[in-house]
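Take a look at the structure below.
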Amino acid sequence: MAILELRDLTKRFGETVAVDRFTLSVEKGEFVSLLGPSGCGKTTTLQMIAGFETPTGGSIALNGRDLSKVPARARGLGIVFQTYALFPHMTVEENVGFGLEMRKVPADERKRRIAATLDLVHLSHLATRYPRQMSGGQRQRVALARALVIEPELLLLDEPLSNLDAKLREEMQLELRRIQQEAGVTTLLVTHDQSEAMALSDRIAVMQGGRLIQEATPFEAYDRPTNGFVSSFLGKSNAIDAHLEAGGAGTTQLRCGDIRLDAPASSHGPGAVLVSLRPERIEFCGAGEGIVSGTVVERVFLGDQWLFKVKTGLGELLVVRRNSGRREPEVGETVHLSWQAEHLRLLEAGSAA
Amino acid sequence: MSGERARPWLLSAPALLLFAVMLVTPLVMTAILSFNSFDFYGGIQPTFGLGNYADVLGDGYFYEIFGRTFLIALATTVICALIGTPQAYFLLRMHPFWRSVMILVVLGPLLISVVVRTLGWAILLGNNGVINEALRNLGLIERPLKMMYTSGGIVLALVHVMVPFMILAVWAALQRQDPATEKAAESLGAKPITVFRRIVLPQAMPGILSGSLIVFSLSASAFATPAILGGRRVKVVSTTVYDEFLNTLNWPLGAAIAIILLVSVLAIMVAWNRLVEKRFAGVFQ
Ligand SMILES: Nc1ncnc2c1ncn2[C@@H]1O[C@H](COP(=O)(O)OP(=O)(O)O)[C@@H](O)[C@H]1O
Ligand SMILES: [Mg+2]
């Protein structure tokens, strides 16, 4: 059964619609991410679930119980704020113990649970420190421990890693996943960072302009985006405007200017479509074998891979190649590109961001 | 190179000069004066001794005046903190438009001369003043409540003058706190009153501390308000110093009292500062 059910959740601030008929359900033990660009309504959604904003419309149910009349303090959710919001005048222990104190948990049990949770986040040695004496990553763990110690039915995380530097962020991603699984807590994460969402989640809900655009596993969302926005927001992608036409003998063809491409099998009817092609699915090949040819206009070395920008008859295409130690084409060189038709994704025209 | 070194000094020279002339010189001269002696026929004698200090510290009359002064200052500080802290919190939570209006209202009293404001209080508090007349006409009292020439009246008027300082100091501290800490506490199950007591108040502590330092020192050395509302009967240290200088003409004794006031206010402030900083170590960086 779903732990959390959002149905047609809507929030308006005057004229702006921050969240628009948002529907989502989260199963027990799942890790779900709300992914979308800044200002798309992620925080507002989270605040409504937490009880800090009142929905304009729609409903929120936790374990089948309607939350609309339940104040924030009685919802029993664990929340990690973007700023961590640690209590600066309390030590780590006191911060973590605050929720238990409010629940009138007896002192000895409180002590035991604080110790166990600090152990889970690997902070036992810093229990008597004050927040200002800790690094960003450590504060992050305290915030997590404080939210987890009350054994919430649902853990809400608002951009929890965005205040950390890149290297620490990667480390904390792995940590966060480990902690979530060890604690077995159902988690809803809000983030604008697609790599974070893909690395952490069982399921991703992509938002745009307050609406749910696609809900899928990370692999599915990346590999089978249903929409141009999703395909460009998750990872890199080439978006090509084309026309789907009937070829001979029941086959279909894509026409893009005067270039014709084999189309993948799809349910799309004839007409304008948006074609999405991932840069890593494009290969360089010999003259004559390519689907299109073009000139390298930019080349960026990324360590484990190369990123090319190639000017072709289809427009500028991004190509990513694994660094295998071979010589790679230089800027100005003519290259020939090929791909398998099955890697093309046909999406609704005009749905790109 | 020496030019490089001298530059900061040169740049701060005007301020240093002003500071030296306007503050240090009178203070030093007052200190020196306090060691001189006074003779009813010969006036100030350029002797050097601790006679004046011995006179003050050995006389119960002065203890009473110092005690009253500090009690008035303490009561004013406590009442200002009790009023100012919640008010600063309300200001913080207000809609920006009403907040600007309220800040004007709060600062309003500071725009009016202390003397004018205190005379206003005298009109309100007098035996035939507005408050007593009103209460009498309502039949609530037979004989006027005594409010003029009491310590209570002085405290009342001082609170009116001082409360803006407390509000501004606490407000500044509250603005530095992360508003999400309140939400965090709420999400952990805290009721609004618990949030205020356990989360907001401790974080407001640096503001309450600096506010009470300002209010206490200003109240302990206030002159106009106790002079008008206390009259000859309820003397405080500053009015006593004034009398020594202008009525008795015993300047050295007045100077000694002034120096004792200065030193004791400083001592109280330092001790209070230490105490609070130690107790609320987490919020002071
Ligand atoms: N308190 C508010 N008053 C008015 N508009 C708001 C308020 N909070 C958020 N918004 C607007 O709602 C939209 C969504 O905001 P938010 O949920 O914070 O986005 P995100 O967290 O995805 O960046 C934005 O356009 C923002 O300007
Ligand atoms: Mg946000």
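Chain letters run A, B, ... following the sequence lines, proteins first and then strands; every chain starts at 1.
Of the atoms belonging to A:Arg75, not a single heavy atom falls under 4.5 Å from chain B. Heavy-atom distances place the backbone of A:Leu86, and not its side chain, under 4.5 Å from chain B. Neither the backbone nor the side chain of A:Ala50 comes within contact range of chain B, judged by heavy atoms closer than 4.5 Å. Heavy atoms closer than 4.5 Å to chain B are found nowhere in A:Gln133, neither backbone nor side chain. Heavy atoms closer than 4.5 Å to chain B are found in the side chain of A:Ile150, but not in its backbone. Contacts of A:Glu101 with chain B are made by side-chain atoms alone, with heavy-atom separations under 4.5 Å and no backbone atom involved.
Taking CG of B:Asp178 as the reference point, atom CZ of A:Phe81 lies at 9.0 Å (rounded to 0.5 Å).
Minimum heavy-atom separation, A:Phe52 to B:Lys183: CZ-O, 3.2 Å. Here the closest non-hydrogen pair linking A:Thr83 and B:Ala180 is OG1-CB, 3.8 Å. A pairwise comparison of heavy atoms in A:Met102 and B:Leu188 identifies CB-O, 3.5 Å as the closest pair. Annotation for A:Phe87 and B:Thr181: closest pair CE2-O, 3.3 Å, computed over non-hydrogen atoms.
More than 12 heavy atoms of other residues, nucleotides or ligands lie within 6.0 Å of CG in B:Leu23, so this atom counts as buried by the packing criterion. Heavy atoms of other residues, nucleotides or ligands lying less than 6.0 angstrom from CZ of A:Phe13 number more than 12. Counting heavy-atom neighbours within 6.0 Å of B:Phe90 CZ, excluding the residue itself, gives a total of 12 or less. Summarising the local packing, CZ of A:Arg178 is surrounded by more than 12 heavy atoms from other residues, nucleotides or ligands at distances under 6.0 Å. Residue B:Arg93 places its CZ atom among 12 or fewer non-hydrogen atoms of other residues, nucleotides or ligands, all under 6.0 Å distant.
In this structure, the side chain of A:Arg73 does not engage the main chain of B:Ala185 through any donor-acceptor pair within 3.5 Å.
With A:His89 as reference, B:Gln203 is the one residue of B:Gln203, B:Arg279, B:Met205 to meet the side-chain contact (heavy atoms from CB on, under 4.5 Å) rule.
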